[in-house]
2 protein chains.
Amino acid sequence: MAQTDTVTRILDTAEVLFAERGFAETSLRTITSKAKVNLAAVNYHFGSKKALIQAVFARYLDPFSERFHQALDELEVQYRGEAIPLEVLLETLARTVLEVPAERNSLKVFMRLLGLAYTQAQGHLRRYIQEHYGNVFSRFSDLVRRATPELPEAERFWRLHFMLGTVIFTLSGLDALRDIADKDYHEHVSVRDLIRRLRPVVVAGMQAPLPDDALKVAG
Amino acid sequence: MAQTDTVTRILDTAEVLFAERGFAETSLRTITSKAKVNLAAVNYHFGSKKALIQAVFARYLDPFSERFHQALDELEVQYRGEAIPLEVLLETLARTVLEVPAERNSLKVFMRLLGLAYTQAQGHLRRYIQEHYGNVFSRFSDLVRRATPELPEAERFWRLHFMLGTVIFTLSGLDALRDIADKDYHEHVSVRDLIRRLRPVVVAGMQAPLPDDALKVAG
DNA sequence: AAATGTTTTAAACATTCGTTTATTCCACGC
DNA sequence: GCGTGGAATAAACGAATGTTTAAAACATTT
């Protein structure tokens, strides 16, 4: 039963620990001891710690990328040249994000990893993600452009990242926030609850009126 | 000229390096060599690396906390019992945030540090901030409550954090985003530009319609 | 000018880290 | 059954980390 099962055990353990403590704060020794694998196994199977980090992301992002492309294909067929409404695009994005890690009910981990990818130094990771999954974001970005023709180019760019920030920041810091919410409001929220709450906020944010003097610095 | 100037040089250097690379990825040797002070100076003046991290935050948050309390005092006098409008509260918050680090034009660093405080492990930091500055947030939170009486308790809580996420995430990852924006839109944004763009989005987000079935889980 | 207390300095300390090496284990084809 | 190759293991390596020590330099007070 040993064989490649070692690789899986390493990945399973690493993603949880990375999500909890970050990359630099998680040592290979912690990972391998918790995974009950020999220390050298990481370097043997993955080559280096950096490569392990990338592999952890790939295991989430590869299926996500594939499914999301597929979902967008279907939408484009369905709307046949017409612009796909913003709500539909966001809904599809949310659904795909929810579907992918559903099997291991590790949505929390997935989101936390995404947050780390942004905020932790790890230049190699940003490059890796940009290189491997940049086209998915580009495609989504193009569709959002057609859904919000009233927005100036730059304004849409920034608002998309605003909303990305909202979602990733909230879901990645969820545990800490949930503790406070539980204590103050005696109300326990699931990730799905949160996404339901996020939707109207994100839509409203994207459709907010333009800032007072938006045409000041036009490219 | 040496004396306590050492402390300042350490803080100045540390905050920049922390903001660039994070806490764990920044060694005391990097800090002290760049600051041109002896390695042992950090432990001598601050006691430990953790204490240095907290000192870096205190140098921003102490003046911020004081000024913000003061600004809220003035607003409460001005509105004399009436609820202070949400826009005014957000405007005041933004103004205070902009004012504090203005002297060293290090708003970027400040924001990046706030982002790190959320996302990096560093449990001691979260505790420190919670303990020292929790009351400022509480007070602001109470005022927002009075400004948005139509929002259910929990919904307001979450939306406040959504918006916090938007701002901190965007401004803390600003450099990376700005690179993309510069390249794609040939338009250079300043932090103040971004804040101008953020305002309508944040306001719209806070005032978005309630989610479809918001009363499902009522405390 | 001597004494005192504070700050700076260089060196060492004890850990911890990622990675590598050399050996052993184990399954499979001949 | 034997030998071959991939995988697991224990041990070690070198580098880097935060912290401590003990001596030197400095400033301040008497």
Side-chain angles (χ1 to χ4, degrees), chain A residues 1-59 113 116-117 120-125 127-128, chain B residues 1-59 113 116-117 120-125 127-128:
Chain A
M1 68 157 170
Q3 49 191 26
T4 270
D5 163 272
T6 298
V7 168
T8 305
R9 270 223 301 288
I10 292 176
L11 287 173
D12 287 347
T13 312
E15 69 173 28
V16 172
L17 291 176
F18 285 155
E20 282 176 357
R21 327 179 180 186
F23 304 117
E25 295 88 345
T26 305
S27 70
L28 293 185
R29 282 171 176 80
T30 309
I31 295 174
T32 52
S33 77
K34 202 154 202 164
K36 287 175 184 165
V37 185
N38 188 273
L39 167 63
V42 168
N43 286 283
Y44 177 77
H45 285 287
F46 297 93
S48 69
K49 187 180 181 181
K50 285 184 182 180
L52 170 63
I53 295 177
Q54 295 175 1
V56 165
F57 275 85
R59 200 163 60 139
L113 288 176
L116 289 180
Q120 302 259 79
Q122 301 291 347
H124 71 97
L125 225 199
R127 259 176 279 127
Y128 177 84
Chain B
M1 65 157 169
Q3 50 191 22
T4 270
D5 164 272
T6 299
V7 169
T8 305
R9 269 224 302 289
I10 292 176
L11 286 173
D12 287 347
T13 312
E15 70 172 28
V16 172
L17 291 176
F18 284 154
E20 281 176 358
R21 327 178 180 188
F23 305 117
E25 294 88 345
T26 305
S27 71
L28 293 185
R29 282 171 176 79
T30 310
I31 295 173
T32 52
S33 76
K34 202 153 203 165
K36 286 174 184 167
V37 298
N38 188 274
L39 167 62
V42 169
N43 286 284
Y44 176 77
H45 286 287
F46 297 93
S48 68
K49 187 181 179 180
K50 286 184 180 180
L52 169 63
I53 296 177
Q54 295 175 3
V56 164
F57 275 86
R59 202 162 59 138
L113 289 176
L116 290 180
Q120 302 258 81
Q122 302 291 344
H124 71 97
L125 224 199
R127 260 176 279 126
Y128 177 84

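Keep in mind it's a predicted model, so treat the numbers as computed, not measured.
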Return the set of residues passing ring pair (Phe, Tyr, Trp, His ring centres under 6.0 Å) with B:Y128 (not counting sequence neighbours), or none when no residue passes. B:H132

List the atom of A:T13, the atom of A:A35, and the distance in Å for their closest heavy-atom pair. OG1-CB, 3.2 Å

Which atom pair, heavy atoms only, marks the closest approach of A:H124 to A:Q54? ND1-NE2, 3.1 Å

Are OP1 or OP2 of D:dA8 and a side-chain N or O of A:T6 less than 4.0 angstrom apart? yes

Heavy atoms under 4.0 Å is the rule here; annotate nucleotides 10-23 of chain C 5' to 3' with B where the base is hit, S where only the sugar-phosphate is, and - elsewhere. B-B----BBBB---

For the pair B:F57 and B:F23, name the ring-plane relationship: parallel under 30°, tilted 30 to 60°, perpendicular over 60°. tilted

Whether B:H45 contacts C:dT6 is assessed here as follows: a side-chain N or O lying under 4.0 Å from the phosphate OP1 or OP2. Is that the case? no

Whole-Å distance separating the CZ atom of B:F46 from the P atom of D:dT19: 13 Å

Presence of salt bridge, B:R59 and B:D12, under 4.0 angstrom: yes

